[in-house]
Amino acid sequence: MSADLGTHSLMLRTLCHELRSPIESLRALTRALADEPGALDPARRQDVAVLAHQQATYLESLWRRATSVLQSLAEPVDQPVPLADVLLVAVASVAAPRLMVRLSNGASRRLVPAHRVRQILVNLVDNALRHGPTEGRVRVSATVRADNLVLVVTDEGRTCRPLLDALRRTTPPPGMSGLGLWIVRHLVTADGGTITASRNDRGVAVRVVLPAP
C-alpha cells in the first residue's frame with residue numbers, strides 16, 4: 001500500500017512540475033494576443049495563436065497520461081514527429097531576445113518520440129531560465145553525430161555543481177527542487193541515451209545524446 005502511495009505521490013509531483021512550463025507559456029502567449037493588438041502583425045498573431053494551441057494540446061496530453069496511469073491503462077503511443085515541431089513548443093516560454101537556436105538540417109528532420117523529447121527539452125530550457133542570470137541568454141542546439149541526436153542547452157550561469165548533483169540522483173528528490181532534472185535523466189536513460197553537464201566559455205551546458213530509434 002505504501003509503495004502505491006509513493007508512486008502516486010511521485011506521479012502527482014511530476015505532473016505538477018510538468019504543468020508549470022506550458023501554463024506559463026500559455027499565459028505569456030495569450031497576454032501577447034490580448035494586450036498588444038497593435039504591436040502584432042497578422043502573420044505574427046497567427047504564429048502566437050498556433051503556439052498557444054500547441055501548448056493547450058500538450059496540457060491535454062499530460063492530463064490524459066496522468067489519467068491513464070491512475071487507471072492502470074496502457075501507456076499511450078508516443079507518436080514520432082520531426083524534432084523541429086517539438087522544438088517550437090519547448091522554447092515557447094523564452095522571450096525572443098534571450099533565445100538562440102541552432103538546428104542542423106539533419107536534426108530538424110529527425111523523427112523523435114513527441115512527448116518524451118518535448119519533456120526533455122522543456123525541462124532543460126526551464127532549468128536554464130530559472131538558474132541562469134535573469135537577463136542571460138539561453139542557447140539550444142541540435143545536431144546529428146554518428147547517427148545520434150545531440151541536444152545541448154546552455155545558459156550563462158557560473159556553476160553547475162547543483163545541476164551535477166541533481167543529475168547524479170538515482171531516486172526522485174523529496175520536493176519539487178531538482179525534480180525536472182531527475183525526470184530528464186530518467187527519460188534519457190530509458191531511451192538508452194546519456195546526459196552530461198559541464199562549464200564552457202559561454203556558461204553551463206547540458207548535453208543529451210539520444211541514439212537512433
Side-chain angles (χ1 to χ4, degrees), residues 18 21-22 24-26 28-29 32 41-62 64-65 75-129 132 137-155 167 180-181 183-198 200 202-213:
E18 295 303 301
S21 181
E24 289 177 354
S25 295
L26 273 174
L29 291 167
D41 58 60
R44 174 57 180 161
R45 178 174 289 272
Q46 177 65 21
D47 290 342
V48 171
V50 169
L51 282 173
H53 175 73
Q54 290 174 334
Q55 292 290 358
T57 301
Y58 181 35
L59 282 172
E60 182 185 23
S61 73
L62 289 174
R64 289 186 181 278
R65 283 172 174 265
E75 179 72 9
V77 175
D78 201 351
Q79 295 292 343
V81 300
L83 176 65
D85 295 349
V86 175
L87 195 59
L88 285 174
V89 179
V91 302
S93 61
V94 187
R98 296 186 59 189
L99 178 66
M100 295 183 65
V101 176
R102 295 183 63 182
L103 189 62
S104 72
N105 289 333
S108 176
R109 299 189 299 268
R110 182 68 166 256
L111 294 180
V112 297
H115 184 82
R116 295 201 300 280
V117 171
R118 183 165 51 215
Q119 276 188 293
I120 290 169
L121 286 170
V122 165
N123 279 313
L124 291 182
V125 169
D126 182 68
N127 186 75
L129 286 173
R137 288 189 173 183
V138 174
R139 294 175 171 84
V140 181
S141 69
T143 56
V144 176
R145 298 178 182 176
D147 209 27
N148 295 321
L149 177 63
V150 181
L151 306 171
V152 181
V153 177
T154 306
D155 62 47
L167 290 179
L181 290 173
I183 293 170
V184 170
R185 180 177 179 274
H186 176 75
L187 292 171
V188 170
T189 55
D191 281 346
T194 61
I195 180 169
T196 56
S198 61
N200 58 33
R202 291 180 174 177
V204 177
V206 180
R207 186 173 187 263
V208 170
V209 179
L210 296 173

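This one's a predicted model, so the numbers in the text were calculated from it and none came from an experiment.
N148 approaches A212 most closely through the heavy-atom pair OD1-N, 4.1 Å. Minimum heavy-atom separation, A142 to L83: CB-CD2, 3.6 Å. In plain terms, the two heavy atoms of A128 and V153 that are nearest each other are CB-CG1, 4.1 Å.
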Q. Stepwise, does the side chain to side chain contact (heavy atoms under 4.5 Å, CB included) test hold for V209 with L149?
A. CA-CA 6 Å; V209 179; L149 177 63; over 6 Å; no
Q: Determine, step by step, whether V150 and V208 satisfy the side chain to side chain contact (heavy atoms under 4.5 Å, CB included) criterion, reporting the C-alpha distance in whole Å, the side-chain angles of both residues, the deciding distance to 0.1 Å, and the verdict.
A: CA-CA 6 Å; V150 181; V208 170; over 6 Å; no
Q: Begin with the C-alpha distance, continue with both residues' side-chain angles, and end with the deciding distance and a verdict on side chain to side chain contact (heavy atoms under 4.5 Å, CB included) for L111 and V81.
A: CA-CA 5 Å; L111 294 180; V81 300; 5.6 Å; no
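Between V140 and R102 the shortest side-chain heavy-atom distance does not fall below 4.5 Å. A heavy-atom distance below 4.5 Å is found between the side chains of L87 and L121.
Taken to the nearest 0.5 Å, the CG atom of D191 stands 9.5 Å off from the NE2 atom of H186. Between the CZ atom of R137 and the OG1 atom of T154 there is a distance of 13.0 Å, given to the nearest 0.5 Å. For the atom pair I195 CD1 and T189 OG1, the distance stands at 9.0 Å (nearest 0.5 Å). Rounding to the nearest 0.5 angstrom, the gap separating the CE atom in M100 from the CZ atom in R139 is 5.0 Å. Separating the CZ atom in R207 from the CG atom in L151 is a distance of 10.0 Å, to the nearest 0.5 Å. Residue T194 holds its OG1 atom at 8.0 Å from CG of L210, rounded to the nearest 0.5 Å.
Without hydrogens or angle criteria, R110 side chain to D147 main chain gives a donor-acceptor distance under 3.5 Å. Here the side chain of N123 pairs a donor or acceptor atom with the backbone of Q119 at under 3.5 angstrom.
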